[in-house]
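None of these values were measured; they are calculated from a predicted model. Throughout, residue positions are numbered sequentially from 1 according to the sequence presented.
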Amino acid sequence: DGERTAARARRSIQRMEGFRSGRLKASQVFAPEEMARTMALCDLLGTTSAMDWWNLRFLVDSVSGELVPIVMHTTAHAPAQSIMAEHNGETLRTGREVVDRALADPVILGLYMACLDTFSGEGWWEVARERTRPEWDAARRVVNAEFPRMDLDAGVVEHDRKVIRQALYP
C-alpha cells in the first residue's frame, strides 16, 4: 500500500511538472469541476487572493489521480472589481499564474463560467448558506473570535454577485 501511494505521488508530481512546463493543460492535471468551482466561489466571496499559487495546496484524488485544489489561506473579503476570467492572459499580479493557465483551458473556463452563472443567481447563496449552516457555524465562531475581521461580509457577496452578473450578461 505504501508503494502504491508513493507511485501515485510520483505521477502527480510529474503531471504538475507537465502543467508548469506547458506540456499539459490544466484539465489534464487538476480536477476540472473542483478547480472551476473553487475559482468561482472565490470570485463570489471576494477572496480571489486565495487562488494565488502560494495559498493553494492540492489533494490527489485516489481514483482519478487528478489534483483537487485546497485553499489554505484567505485574506479579508474585498469587493471584486471584475471576475478572474476578465483578466485571462494578462497577469495583474504575481501569484495568479495558476488561475491564468487554468482559465486558458477551455474545459475549465466553461465550467467556471457555468459555476459563476449558478452561484450568482438570485437566492443561490442564501440557500447554500442556510443548508450548510450546521457544518460551518461552530467553526465560524471560533475563527471570528481569533480573527474578527475575517467574518464574511454579506454586502461583499451581494456586490460581487452584481459584478459577476454584469460580466456574464453585459
Donor-acceptor contact below 3.5 Å, side chain D105 vs main chain S27:
yes
Give a yes or no answer on whether the side chain of E158 reaches the backbone of V156 with a donor-acceptor pair at less than 3.5 Å.
no
Hey, does the side chain of R165 reach the backbone of D117 with a donor-acceptor pair shorter than 3.5 angstrom?
yes
Report yes or no: do W125 and L168 belong to one cluster of Ile/Leu/Val/Met/Phe/Trp/Tyr joined by side chain heavy-atom distances under 4.5 Å?
yes
With hydrophobic residues grouped by side-chain heavy-atom distances under 4.5 Å, do F30 and W53 end up in a single group?
yes
Indicate yes or no for a side-chain donor-acceptor contact from R57 to the backbone of W54 under 3.5 Å, with no hydrogens or angles considered.
yes
Measure from the side-chain N and O atoms of Y112 to the backbone N and O of A40, and report whether any donor-acceptor pair falls under 3.5 Å.
no
Using side chain to side chain contact (heavy atoms under 4.5 Å, CB included) as the criterion, point out the one residue from L116, V99, D100 that pairs with M84.
V99
Candidate pair R140 and E135, rule salt bridge (charged side-chain N to carboxylate O under 4.0 Å, His left out), full reasoning:
CA-CA 9 Å; R140 180 175 168 246; E135 289 83 19; over 6 Å; no
Ignoring hydrogens and angles, tell me if any N or O in the side chain of D160 forms a donor-acceptor pair with the backbone of G46 under 3.5 Å.
yes
Co-membership, hydrophobic cluster, residues L111 and F58, 4.5 Å side-chain
no
Mark yes or no: R101 above the aromatic ring of F19, with NZ or CZ under 6.0 Å from the six-membered ring centre and no more than 45 degrees from the axis.
yes
With a 4.0 Å cut-off, would you call E146 and R141 a salt bridge?
no
Is the backbone N or O of A114 less than 3.5 Å from a side-chain atom of T118, with the two atoms forming a donor-acceptor pair by type?
yes
Determine, stepwise, if the pair R129 / E126 fulfils salt bridge (charged side-chain N to carboxylate O under 4.0 Å, His left out).
CA-CA 5 Å; R129 191 168 179 191; E126 294 78 9; over 6 Å; no
Output yes when a side-chain donor or acceptor of D52 lies under 3.5 Å from a complementary backbone atom of N55, and no otherwise.
no
Please identify which of these residues, I83, V98, L109, meets the side chain to side chain contact (heavy atoms under 4.5 Å, CB included) condition with L103.
L109
N/O donor-acceptor pair under 3.5 Å between R15 side chain and Q28 backbone
yes
